[in-house]
Amino acid sequence: MSTLVKGLHHITLCPEGAQADIEFFTRVMGQRLVKQTVLMDGSIPIYHFYYGNADADVGSITTSFPYSCTRGRPGSGQVSATSYAIPPDTLSFWAAHFDRFGIEHSGKQERFGAPYIRVRHPAGLLLEVVEDPEDGRRPWTTREIGADVGTRGFFAAVLSVRDVCEQESFLVDALGLRKVGVDGQYHRFEIPGGGPASTIDLHHEPERRGGSWGFGSGTVHHLALNLETDEALLQQKALYEELGFTDASELKDRYYFHSMYVRSPGGILIECTSNVPDGFYQDETFEELGTKLHLPPWYEAQRDAIVAMLEPITVPEENRPKPGSTNVPRAVSGAGSSHTPLSRTSPRFGEGRHQV
Ligand SMILES: [Fe+2]
């Protein structure tokens, strides 16, 4: 039986300040800012930034809610590190690069035979660069980071759990992943079919206190997996329920894709996504990605109230399209069915709730 899960889709974390987050992801991690929009839940306007590789590939997208109004508590039951693939023999470049920016990092580490460096975001979030000779995706480049060293997209998501057993059952039985090895406190799982962005590592930390689950700066909010179609989302929801995970959400309209969420046994919130026609290109071209704030159409009438409550930001010049970099975006496969019932929130912004 083929699995419904095709790969990692995105990882969503909560930094603090918006501009500080943009500076870190674009200049330090060398990511392309591919979308500026807002959180589509709740009545407080919060930015939602998407960062990815040169082609904004599914499986390269880190997203962030700059959530300076509430501090989260890092701990077990969360995604503890977001891993990016880098080419072989580039770790020394990255160590020197992080040093140049004064960014705290681990120096060279090794897991499952692959060298990596763990690096700390200004809000305390952990990211990694892992050498992977197999990953041929196209990196974004900056003044400091060339195509020969740039990140290709996700290598893996690392999840901290106090107990491996139940989370392992969930990954294998509910999501169809395959366990491929153990290295010390790390248990590795692969999404069948291979390819990039198909690895999940459980980090067994039995003594680590549980982290917070809500939005809060300094924590990862959720991990999203690519299922491609609404039909697959409905099948996945039915499978969750068959296995006893009856708290799976309804299908939600996130405009750029559709989503369904469930809380996994280890505490990590898992989102499954399906693609929609034109995806990120519904409201801007490939060359324009990330250069302006876009709201879902059902928020557009409240744009002034929303913008008034957001931190003004500047997109770094080098994160704008470079002359000659034009590329035809790939078609978004597996478009969702327009007949599937979807939920949306329709809050009134700027009334009652405190400003962020
Ligand atoms: Fe998400």
Side-chain angles (χ1 to χ4, degrees), residues 4-15 18 21 25 31 33-42 44-53 56-67 72 77-84 121 125 127 153-154 156-159 175 191 197 200 211-230 232-233 236-237 240 247-264 267-276 279-280 282 289-290 294-296 299 332 334 336 340 342-345:
L4 296 168
V5 177
K6 305 304 180 192
L8 305 179
H9 189 278
H10 65 268
I11 296 173
T12 294
L13 42 82
C14 298
D21 188 58
F25 272 106
Q31 303 301 292
L33 178 60
V34 299
K35 189 64 69 181
Q36 297 179 39
T37 184
V38 292
L39 173 61
M40 295 181 199
D41 288 326
I44 306 171
I46 304 283
Y47 277 118
H48 195 184
F49 298 135
Y50 291 65
Y51 306 97
N53 65 10
D57 285 327
V58 163
S60 77
I61 305 289
T62 305
T63 90
S64 69
F65 300 131
Y67 218 85
Q78 294 175 341
V79 176
S80 54
T82 301
S83 282
Y84 295 94
H121 181 289
L125 298 147
L127 302 102
F154 290 145
V158 183
L159 282 50
L175 296 175
I191 296 164
I200 291 179
S212 53
W213 283 2
F215 296 127
S217 64
T219 60
V220 178
H221 186 252
H222 63 265
L223 161 67
L225 304 169
N226 176 29
L227 274 65
E228 294 190 347
T229 68
D230 284 352
L233 291 188
Q236 185 65 51
K237 184 172 163 64
Y240 282 152
D247 56 340
S249 76
E250 74 278 38
L251 271 57
K252 296 175 185 288
D253 187 355
R254 300 311 196 186
Y255 190 57
Y256 303 108
F257 45 84
H258 299 158
S259 300
M260 184 266 294
Y261 301 82
V262 75
R263 184 70 63 179
S264 64
I268 300 101
L269 183 62
I270 303 289
E271 175 184 0
C272 291
T273 65
S274 65
N275 299 325
V276 303
F280 290 142
Q282 293 175 92
L289 285 178
H294 289 276
L295 303 176
Y299 280 18
V332 178
T340 307
L342 298 166
S343 79
R344 295 175 176 171
T345 59

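First listed ligand is number 1; within each ligand, the first listed atom is number 1.
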With carbon and hydrogen excluded and only N/O/S kept, which atom of Glu271 is nearest the Fe ion (ligand 1)?
OE1
Under 2.8 Å: N/O/S of His10 next to the Fe ion (ligand 1)
yes
Should the pair Asp230-Lys237 be classified as a salt bridge under the 4.0 Å nitrogen-to-oxygen rule?
no
Will you find, in the side chains of Tyr67 and Thr219, an N or O donor that is under 3.5 Å from an N or O acceptor?
no
Could you walk me through whether Leu175 and Tyr240 pass the side chain to side chain contact (heavy atoms under 4.5 Å, CB included) test, one step at a time?
CA-CA 9 Å; Leu175 296 175; Tyr240 282 152; 3.6 Å; yes
Return yes when at least one N/O/S atom of His222 is nearer than 2.8 Å to the Fe ion (ligand 1), and no when none is.
yes
Is it true that a side-chain atom of Thr37 and a backbone atom of His294 form a donor plus acceptor pair closer than 3.5 Å?
yes
